[in-house]
Amino acid sequence: MDPILDGLNHAQREAVTSSGSILQVLAPPGSGKTKTLTARVAYLLSHHGYQPQDVICCTFTIKASREMRERLAKLIGEKLESRLILGTFHSICRRYLVKYGYLIGLRKGFGIADSDDTRAIIRRTIKRLKSSIEVKAAQGRISRHKAHGLTPDAVADRAKAEESELVDIYREYESSLAASNLLDYDDLLLRCGDLLRDHPECVSNVQAVLVDEFQDTNIIQYELMNLFASKNRRITIVGDPDQSIYGFRSAEIQNLKRMQRLYSNTTVVLLEDNYRSAGSILNAAQEVIEQDTSRPAKALLATHTFGTLPVLRRLPNPNAEAQWIVLEIKRCVAMTGGLLRMSDFAVLLRSASLSTQIETAFGRSGIPYKMVGGRKFFDRTEVKILLNYMRVVSHTGHSDALMNIINVPPRRIGDETIKQLTNGAEKAKIPLWNFIKDVIQGRRSTEKKLQKAAEQGLCVLVNLIEASRQKLQECEDASAPRVLIEFIAERLSFQEYLIRTYPLDEDSRWANVKELMHQATEVAAFEEEGVDKEMDLPVIEGVEQQQAHSGEEALTRFLANVALATEITTKEEAKEGDQPTEKVTISTIHAAKGLEWPVVFVPAVYNGSIPHSRAEVVEEERRLLYVAMTRAQALLYLSIPIRQPRLGEGEDGATTLTPFLPPKLTKSRFRATGPSLHEKVVYAIADILRRPRPSLEDIYKGLEFLPSTLDDRWTPEGEEDRSKVDDISTSHDASGEPNPKRRRSDMNQGPKSTTYFSSTGSTIPTTVSTGFTSARDYIAANPELPADADADAAGANKLKPLSNASRKDGLTQASISNFFGGPGSLQKREPVLPSYPQPPSRRYEGPISQNQRSGARSIVPAPLSSHRVQPRPLVPTRPTLEPTDSNGYTWLAAPSKPTLKPARVSMTQEQSGNNTSVGGTAGAEEVKPESSTRGFQPVSTFHSTTISMIQQAPRRTLGIRRSMNGWQDRMKRDGG
DNA sequence: GAGGCATTTCACCGG
DNA sequence: GAAATGCCTC
């Protein structure tokens, strides 16, 4: 059979092979949309005989186009693939404008104004016009007008007086762009539309047009699609109106209908099978989206098993929410026996700003993560500086870029000087750059004489730029971008500048610069490979293309790609030493579109966050939630802090659940706490992910680090027993967070055990560092590692064994196995594991879990609070290995006995938490576990050590939080 | 004293 | 990270 159709289901094949010339493929999440579109491209080439250069394929992001290229290279070979006209609308338009822009009077060498430039220009005009409109608002409105093809005059005609202010700004903005020969994002599309309308011959070769993510196109893009296809009218679009989340960028869902109206011969194919998510997740997501009654009903059929119900978790506050995510990730990793790794988790946020608490919690507990959709690589200051230099070199008319670097690094050119220069340039009606040059070369002068120092600084700048331009002229190939970056960085002594300016993270900043160079190099390599200039447009007879100096062209192309980059090119990977990136992803929901993860967390599902308080269209917010939920393959967690100090609605910051999750839905489709991860659940996860089921042995191995096998640190209602400590919530931030959990007051009140990372400890790094990461990974991969300092740092939740006197430091591997009876005992234990029927009571056993939160905060009983104790290893008390239970469970850890004296125990904790110096003796440890089972919950079973149990006992009796906090604070201050 | 530099403060959808 | 304020140099 045709290899192109391999692995496609019936509906997908129908779409791929459809003979309809106008085809709409409606593809819900996880239905194989990209696969289908890719196959369609391949099919058109091979079965219809189209030449690749006659096929235009538009994607929404650069990443999507890259992925598509990769897939196509496999299907049809790189040779054909490289000749396709494939890219984002913006990049395709840019290509056409570079080649044919002269036909509509576009000046050669135009630059692209990115949104920072745009904002800067608008800010300036607003200031000049003394308008009261907010910069961002003006930017958005202007862009919206442009996206609808409305010129300032058109807006003026139809708008009332109150718009006149905006119209003025809009006008000025447009002339500023024109003066600098810049096009903003909207212009790229608009001008290309103008071009193709006036000169359709430019696309007369086009046989077929394909558009991905069609629901995100705006009117102009829709028109462009039609213009591209004007000759032969063969269009395939793929999209899903339910995933339209770019209305704020003027995306128009109605384009689907509009297209059907325009082309009466439109064929519509529905893909309904979902290959991504568990049935339970789809059901929940489906119910969310179906609340929108205006939307045409569409099926979403699960191909996977039902799986376990998604979770809707209530937590006391955002901090606890972040800690809970940490705990759940650890629990999932531990209880699935290697099935899930860090890279299988994603935290999807409505707003990037919600990430801070989560990042802090991750950092503190050693969970490696990468941020996506936050600050983009190209937006980092140090990168931006170099890019702006290059933009000036490439296009001296780029006054905004010039303004950004005119005094960076500082060269004594201050506000006053800049004012003189910009005013002068404006009066002379010449670009800022030319004016500056004239001034320092004595051909012109400013109204007020410039300071000597400033003048000298300008000289230096002009010389640098001129030298760079010279360099560029000499460089006639694709290496130009890299050559320039190196040249400029060198001449600026950029590294020294970074060291001076950012002493704290100079190395990571310099690493970003290296990464930028690396990317420039890659672009060069990429372009040289396809000697044929894959990016070039096909030559059309009778229409002349403009040619440019190839070094310049390489540079402008590089800069354009940067400007148009919508996604984050992952950074930091450049650093060596980074291990295979096993990281949790933190992303905005918007940036997560099209992606999937085995486990997805969606925090902050409260009113005001989703729907966002400033959202204009509620339906879009609902779709956003739908998109987030449908990213999950096997496990989906939604959560809400019941209080959110600043943003909550109530006076005490109480939040209300998003209206998209009405009670009826949450009751039937969600559970209130994380699922118990017994083997059936684990196997279902494995099956959904199409991964091998882990062995019980593997599952078992992970448990040893686990504080609790259940999501039970907070009550399902999201409460923590705060009665005794009211400052808990505020105490965690900087220090460690862990507030001691005092959850059920009857139980664990004591210190947690802790230890591990350190917030305070001097020996352990406090900040997130690769050390953490690596240790953590190591542990994750090697649960049996000795618990040494690294392990602690990594946040493993293991208790340190209290020591017998001989062992000072933690368990060794041997000791762990001994502890559990050695490897040989494994078999015996197996049955024990995740056992199901859940043990009757599951209380949070606390101590260990505390660790995660913070080691630092150990609680010391008041009497001891004045002195610090050195950490001692806990001596593992002997656990009972034999199954003690009638149901066949073996408790790995003995339940704690009340025997212990609280004071001692807590001392232990403290020690471990603080790493301070005195040696204590481990005395308490003598407790005997055997008696353990009674009275304790099975949960504890999974605790790795008996110790935890021991500690438990004390907790109950401790009620001194306040003093402890005081102590902690002091610790923080002194030692931090 | 003007202008430049350093420090502090506030706020922040989304691409 | 940008605006606002205060300190230092020419």
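Since this is a predicted model, take the numbers as computed values, not measurements. Within every chain, numbering begins at 1; the chains are lettered A, B, ... in the order of the sequence lines, protein sequences first and strands thereafter. Computed from heavy atoms alone, side chains included, the values below leave out hydrogens, waters and symmetry copies.
- Not counting sequence neighbours, the partners of A:Arg119 by the salt bridge (charged side-chain N to carboxylate O under 4.0 Å, His left out) test are A:Asp116.
- In this structure, the NZ atom of A:Lys136 is 14 Å from the C1' atom of B:dC10, given to the nearest Å.
- Summarising the geometry, the separation between CG on A:Asp400 and P on C:dA2 is reported as 13 Å, rounded to the nearest angstrom.
- The side chain of A:Thr417 lies closest to B:dG4, out of B:dG15, B:dG4, B:dC5.
- When each of B:dC5, B:dG14, B:dG4 is scored by its nearest atom to the side-chain atoms of A:Pro410, the top-ranked nucleotide is B:dC5.
- Taking atom CZ of residue A:Arg144 and atom C1' of nucleotide B:dC13, one finds them 13 Å apart after rounding to whole Å.
- For A:Ser351, counting side-chain heavy atoms from C-beta on, the closest listed nucleotide (B:dG4, B:dG14, B:dG15) is B:dG14.
- With rounding to the nearest 0.5 Å, the separation of CG in A:Asp184 from NE2 in A:His90 is 8.5 Å.
- Residue A:Thr588 places at least one side-chain N or O closer than 4.0 Å to OP1 or OP2 of B:dG15.
- In this structure A:Arg491 satisfies the salt bridge (charged side-chain N to carboxylate O under 4.0 Å, His left out) test with no other residue, sequence neighbours excluded.
- Closest to the side chain of A:Ala454, out of B:dC5, B:dG4, B:dC13, is B:dG4.
- Separating the CG atom of A:Leu349 from the C1' atom of B:dG15 is a distance of 16 Å, rounded to the nearest angstrom.
- Contacts of A:Ser609 with the nucleic acid, taken as non-hydrogen atoms under 4.0 Å apart, are absent.
- Rounded to whole Å, atom C1' of B:dG4 lies 11 Å from atom CD1 of A:Ile413.
- When the P atom of B:dG14 is taken as reference, atom CZ of A:Arg622 falls 21 Å away, rounded to whole Å.
- For A:Arg119 and B:dG15, the CZ to C1' distance is 12 Å, given to the nearest whole Å.
- The pair A:Glu321-A:Arg313 fails the salt-bridge criterion, with no side-chain N (NZ, NE, NH1 or NH2) lying under 4.0 Å from an Asp/Glu carboxylate O.
- Judged as a ring pair (Phe, Tyr, Trp, His ring centres under 6.0 Å), and not counting sequence neighbours, A:Tyr626 has no contacts.
- Checked against B:dG15, B:dG14, B:dG4, the side chain of A:Arg350 finds its nearest nucleotide in B:dG14.
- Heavy-atom distances to DNA chain B give each of A:Asn407 and A:Glu621 a nearest nucleotide, and the one nearer the 5′ end belongs to A:Asn407.
- Nucleotide B:dG14 holds its P atom 12 Å from the CD1 atom of A:Ile610, rounded to whole Å.
- Centre separation under 5.5 Å together with a plane angle under 30° holds for the ring of A:Phe248 and the six-membered base ring of B:dG14, marking them as stacked.
- Every ring pair (Phe, Tyr, Trp, His ring centres under 6.0 Å) that A:Phe494 has, sequence neighbours left out, goes to A:Tyr497.
- Legend: residues meeting side-chain hydrogen bond (donor to acceptor under 3.5 Å, both in side chains) with A:Ser244, ordered by chain and number and at least two apart, are absent.
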Give me, pair by pair, the N or O atoms of the protein and of nucleotides 3-10 of chain C that are less than 3.5 Å apart, along with how far apart they are.
unit_1 : atom_1 : unit_2   : atom_2 : d
C:dA3  : OP1    : A:Arg123 : NE     : 3.2

